[in-house]
Protein chains: 2
Amino acid sequence: MDLTTTTRARVAGKRERTKQQNRLLILQAARKVFAELGYGATTVRDIVRATPLAAGTFYNYFNSKEEVFQAMQDEIALRIRPRLHEERAKARSIEEFILGTFRTFFEYVASDEANFHAIRRNTDTLRVRMDTPEILAGFHELRSDLEEAIANGLFPSLDPDYLMAAIVGVAFEIAERMLRRARPDTEDATRFATALFMGGIKALPTINSGDTA
Amino acid sequence: MDLTTTTRARVAGKRERTKQQNRLLILQAARKVFAELGYGATTVRDIVRATPLAAGTFYNYFNSKEEVFQAMQDEIALRIRPRLHEERAKARSIEEFILGTFRTFFEYVASDEANFHAIRRNTDTLRVRMDTPEILAGFHELRSDLEEAIANGLFPSLDPDYLMAAIVGVAFEIAERMLRRARPDTEDATRFATALFMGGIKALPTINSGDTA
DNA sequence: AAGGAACGTGACGATGCGTCAACTTATCTG
DNA sequence: CAGATAAGTTGACGCATCGTCACGTTCCTT
């Protein structure tokens with residue numbers, strides 16, 4: 001059917017396909033090994049051994065286990081970021097903005113719990129949080145969205161940097177506690193976090209007058 | 001002057017003194033090396049090299065670089081925890097409770113900025129947070145204090161677990177942003193975080209009635 | 001079909017790991 | 001005070017991991 005390939009080569013060159021497959025193999029192996037041994041105790045060799053590939057091949061794809069970890073994190077960040085942004089873009093009130101952000105986040109976390117736990121597990125310390133560039137970009141986006149909402153008059157003129165920090169802190173910390181509960185309830189977590197900020201925003205000092213609104 | 005020692009052996013046996021000194025030497029060397037290379041890239045050997053001791057001696061004091069790191073963290077936690085607890089114990093209002101907690105935390109962070117930065121630095125990821133047992137104990141203490149305040153009638157009956165999580169998240173995240181500013185202003189950070197919770201607590205759903213107060 | 005380029009392979013030297021037998025020296029004992 | 005004991009230090013050792021690279025294989029091009 002095609003001038004340059006037999007019928008078995010479907011869509012892309014074989015080179016390209018094995019490249020994608022190898023990358024995937026490594027990521028899947030890493031997810032498994034991280035979950036088993038914990039991130040800290042895992043070595044590049046452990047990941048390679050959980051793979052049919054040779055040690056040298058690993059380094060054609062990643063330079064370290066940290067890079068593998070980041071790739072996993074970034075994958076998550078890229079999946080959730082557009083949803084969060086969209087949710088906030090269509091918000092017509094403070095409540096829609098805040099509630100949409102928290103609900104989307106908590107629902108994602110709950111749906112991807114396995115991934116989250118695998119990623120959090122670590123040998124020597126009980127908990128680890130790493131912010132990759134992609135995740136930091138998500139924080140910046142939240143701040144930009146807040147700045148825009150302030151410019152639009154949707155939000156009072158609060159400190160967008162601290163507000164962003166507070167939202168991020170509450171989101172991650174409550175997500176953690178939520179997952180630890182017997183039956184994680186995303187609506188409960190959403191209600192709590194949203195109410196906190198709905199009430200808080202009213203009381204927060206605006207930037208022009210240093211007093212409560 | 002003493003029956004069992006010469007005048008040079010002052011207060012404790014020499015064994016005991018060198019033990020304390022070696023431990024301190026390792027901790028100081030580690031602080032320096034972590035700050036220079038970042039936690040992730042540091043090896044036990046790097047720490048040992050920054051010390052007059054032999055490799056084997058290191059393992060008489062710590063089993064890994066993680067344990068050294070934890071010891072550093074625990075040291076901080078033990079310094080700040082009593083202050084936070086005391087501040088909350090003497091609080092006669094919600095505002096005193098919240099404000100005391102945040103002010104104490106932010107002031108400590110600002111005063112010990114060097115330590116904080118050294119501890120946060122990491123090679124491959126831009127940020128790391130590790131919760132050691134001692135730090136987790138601090139979180140539990142905060143929750144206990146909240147539960148007691150609720151039992152006393154000082155606080156409405158909110159979800160103490162989520163409230164603790166929210167306070168912790170906001171405290172750490174805002175502290176991070178505060179330190180990043182040109183001139184860290186602990187009062188500004190305290191005002192922001194306190195106002196957020198003072199307003200938020202009013203709006204938060206109480207546990208008995210599932211609605212706003 | 002032949003040449004070239006891309007990529008996988010696994011062995012290699014270098015480095016770090018945790019251990020341990022030998023040594024040093026503080027402390028105890030008589 | 002001298003000898004005995006045991007606490008603590010030392011650095012070399014065997015083993016594992018590191019990242020690299022010369023080589024071989026396979027895909028792609030012409």
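Every chain is numbered from 1 and lettered A, B, ... according to where its sequence line falls, protein lines coming before strand lines. Basis for what follows: all heavy atoms, side chains included, without hydrogens, waters or symmetry-related copies. The shown structure was predicted, so the numbers you read here are calculated from the model rather than taken from an experiment.
A close approach under 4.0 Å does not occur between any side-chain nitrogen or oxygen of B/Lys14 and OP1 or OP2 of C/dT25. Under 4.0 angstrom from either OP1 or OP2 of D/dT17 there lies at least one side-chain N or O belonging to A/Arg49. Phosphate contact (OP1/OP2 of C/dG8, side-chain N/O of A/Arg15, threshold under 4.0 Å): absent.
Residue-environment remark: CZ (A/Arg23) stays at or below the threshold of 12 foreign heavy atoms within 6.0 Å.
Nearest nucleotide to the B/Val44 side chain, out of D/dC18, D/dT9, C/dG18: C/dG18. For B/Asn22, whose side chain is taken as the heavy atoms from C-beta onward, the closest listed nucleotide among C/dT9, D/dT17, D/dT9 is D/dT9.
One interatomic measurement links the two molecules: CZ of B/Phe62 to P of D/dT9, which rounds to 13 Å at whole-angstrom precision. Counting to the nearest Å, the P atom of C/dT9 and the CD1 atom of A/Ile26 are 10 Å from each other. To the nearest angstrom, C1' of D/dG11 lies 13 Å from CG of B/Asn60. Taking atom CG on B/Asp46 and atom C1' on C/dA14, their separation rounds to 15 Å, with Å as the unit. Protein atom CD of A/Glu16 is 10 Å distant from nucleotide atom P of D/dC28, rounded to whole Å. As a whole-Å value, the separation of A/Asn63 CG from D/dC21 P is 13 Å. Here C/dT25 presents its C1' atom at 13 Å from CZ of B/Arg17, a figure rounded to the nearest Å. Across the protein-nucleic acid pair, B/Tyr59 atom OH and D/dA7 atom P stand 23 Å apart, rounded to whole Å.
Contacts of B/Thr43 with the nucleic acid, taken as non-hydrogen atoms under 4.0 Å apart, involve only primed sugar atoms and P, OP1 or OP2. Residue contacts for B/Tyr61: at a heavy-atom cut-off of 4.0 Å it reaches the sugar-phosphate backbone alone, with no base atom in range.
Using a distance-only test at 3.5 Å, with no hydrogens or angles considered, a donor-acceptor pair links the side chain of A/Glu96 to the main chain of A/Arg92. Counting only distance, with no hydrogens or angles, the side chain of B/Lys32 and the backbone of B/Ala50 share no donor-acceptor pair below 3.5 Å.
The side-chain tip of B/Arg181 points at the ring of A/Tyr162 from less than 6.0 angstrom away and within 45° of straight on.
Taking for each of A/Phe58 and B/Thr57 the nucleotide of DNA chain D with the nearest heavy atom, the 5'-most of the two is the partner of B/Thr57.
Checked by atom type, the side-chain pair B/Thr57/B/Asn60 shows no donor-acceptor distance below 3.5 Å.
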